[in-house]
Structures are given as C-alpha cells and as structure tokens.
Amino acid sequence: MIQITNLKKTYGKVNALSGIDLTVNKAELFAYLGPNGAGKTTTIRILTGLTRLSGGTATLGGHDIEKQTLAAKKQFGLVPQHINLDSELTVQENLMVHGRLHHMPRKAIKPRIDELLGYIELTEKRHTPAKKLSGGMKRRVMIARALLHAPQILFLDEPTVGLDAAIRRRLWALIKKIQQDGVTIFLTTHYIEEAEFLAQRVAFIDEGRIIALNTPQNFMDAIGHWAMDRFAGDDMQTDYFGTQEAAKAHAATHQNGFSIRRVNLEDAFLNLTGKKVQ
Ligand code: ATP
C-alpha cells in the first residue's frame, strides 16, 4: 500500500532523509519510531505531498506522490501532530468543511459524518464548538475528519502526544478498530509502548536512516525476555536474561537498588542506538 524506495530529503546542508526503503502492506499497522530530528515528520510530509522529495520514489496505493499527486492524495487521510481543528466551528461543521474541501457530494457527507461520529463515540458532541472539547476528544474528531473520504491509508503523526494514559489507551482502541476495518495505518510516535502495543511491524529511524525493522516481538526476543535495571555510579545499567530465574540469580549478586521486569521495546531501541526515544 505504501512503497518507498531510496527516499532522500535535504534541507540545505541537512540530510533529513538519507535513503529510506520501506514497504507497508494493506491493513498493516506500521510504526515509525525514532528520537527528535530522526526524520519521521519529514517522511510523512513527503508521503502526504506537503514537501517535495530530493531523491528516490514514494507510491501510495500504486500512485507516485510526485507524478500522480492527485490520485496518490486520494489514498490517504492525515492526522497531523498539532491540533488544527477550527476552534470556533462545531464538530459537525469542522467535518462538513473538510468534506467539501475534498469535493465530497453534500448528500454523501451527512450520513458519513453520522457514521463516523458514532464510530468515535462523539455523536452527542456534534453541535459542540471544537474549543470546548477535551484534548482526547479533539484527537478523535481529527481522526474522524481524516477518515471522512474513506481513505485506504491513515497517517497518524504523534496521535496521542500530550494526552494522559487513560485517554491514550482509549485512542489506541480506536486506532486498532480502524486497522481491523482494513485501513493501512502509518504511525509515528515517541511513546514506544504505543508502538509495542499497536504495531505489527516497527521501523527504528535515526539520523535519516532506518536502522532496524522487525515485529515488536522479534525485537524483544532478540535481547532476552527479562531485564534487571540497577544503578551503577551516576548511570543506570540494564542486563538482559532469558528467564526470570536467571535474572533473579544475577540480582542475588547485588545488594540493593535493582529491579527486575519484562523486556520492552524501549530496551530494543536503546540496545540498537544507545539513545532514548524522546
Ligand atoms: P520530531 O520527533 O522532533 O518531530 P522528526 O523525527 O519528525 O523529529 P524531522 O522533523 O523530520 O524529525 O526532522 C529531520 C531533520 O530535518 C532534523 O535535523 C530537522 O532539524 C531537519 N528539518 C526538518 N524540517 C526542516 C526545515 N523545514 N528546514 C530545515 N531543516 C529541517
């Protein structure tokens, strides 16, 4: 559904992307993870036609974003990083304006809005101005807006940034439901547990390159199943073990200041890069 070949982007002397190769399958939930400045937003901006690429190719549903821009743009909906609803307009008006901008027939917009408001469980907020919604509700409306024209692909750029844990989980359930309904989802996130929970495959990107790509489970299995964290001087040291027993046996050789836990995707990323996703 998304095919990227040797994708490059330079901003003056900055190499934002240095040759990305990637294929995302139909109805896959693909997560794109990396630290600040890694090139995540640049990739999404190119794929959604907001920025021109400097080299390589990108196709969406078989349509080249540079050469068949209009056809490629029809393939996706985009939920950008920053809330960009019209705060004075109601939920329904925000959706209506978007439908008209996408040249949807008036008759088709209304039932689609009804359907999507039910889908995101915000029917009762239909006539509420966007400025009166909570952060989580605004995100849900942005997702509904991106789905209005029934795209095949949904780009989610940091969809849960700034939301508390409970609201984030509610959004995860919605994102999962959208994928199960057959939409291909390309997700960028700083919340590594979000990728671990949601994604079928994860690409770790750093300094404009994909440094590893695998399923969350394979990433974690590669380093062990249990981790022991302990303070060593000013730093924290983490050791990995195949079994909880092995981790406990190792812990017995240290007096205190340690904790034993399951390995998570952040361990895999730290192991690969020495950097935290932040
Ligand atoms: P974040 O998680 O902070 O959003 P990111 O992974 O999305 O980071 P990008 O925003 O894609 O990273 O940035 C990749 C690189 O390109 C960075 O070095 C950034 O400074 C640079 N960059 C991005 N946009 C521009 C621009 N318009 N002009 C110049 N440099 C840019």
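Remember, it's 1-based here, ligands and their atoms both numbered in the order they're listed. Every value quoted in this text rests on a predicted model; they were computed, and no experiment measured them. One-based numbering along the sequence shown.
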Any N or O of Glu158 that comes nearer than 3.5 Å to an N or O of ligand 1?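 For ligand 1, there is no N or O atom that lies under 3.5 Å from one belonging to Glu158.
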Do any N/O atoms on Val14 end up under 3.5 angstrom from N/O atoms on ligand 1?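 Such a contact does not occur with ligand 1.
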Going by the side chain to side chain donor-acceptor pair (under 3.5 Å) test, name the single residue among Lys74, Lys26, Gln75 that passes it with Gln152.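 Going through Lys74, Lys26, Gln75 one by one, the side chain to side chain donor-acceptor pair (under 3.5 Å) with Gln152 is satisfied by Lys26 alone.
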Scan Thr188, Leu265, Leu187 and name whichever one has a side-chain contact (heavy atoms from CB on, under 4.5 Å) with Leu33. Leu265
For atom 6 (O) of ligand 1, which candidate among Gly39, Gly12, Gly208, Ala16 provides the closest heavy atom? Gly39
So, for His225 and Phe241, is the gap between ring centers shorter than 6.0 Å?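 Between His225 and Phe241, the centre distance exceeds or equals 6.0 Å.
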Pair Arg45 + Asp157, salt bridge at N-O below 4.0 Å: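 The answer is no: the pair does not qualify as a salt bridge.
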Would you mind running through ligand 1 and noting each atom that sits below 4.0 Å from a heavy atom of [X]?
{"X": "His190", "answer": "2 (O)"}
{"X": "Thr42", "answer": "9 (P), 11 (O), 13 (O), 14 (C)"}
{"X": "Pro35", "answer": "6 (O)"}
{"X": "Ala38", "answer": "5 (P), 6 (O), 12 (O)"}
{"X": "Lys40", "answer": "1 (P), 2 (O), 5 (P), 6 (O), 7 (O), 8 (O), 11 (O), 12 (O)"}

Over-ring placement of Arg262 relative to Trp226, 6.0 Å and 45° cut-offs: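 Satisfied, under 6.0 Å and within 45°.
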Whether Gly34 lies under 4.0 Å from ligand 1, heavy atom: no
Inter-residue atom distance Tyr11.OH - Leu17.CG, 0.5 Å rounding: 7.5 Å
For Phe231, does the CZ atom sit with more than 12 other heavy atoms under 6.0 Å from it, leaving out its own atoms? no
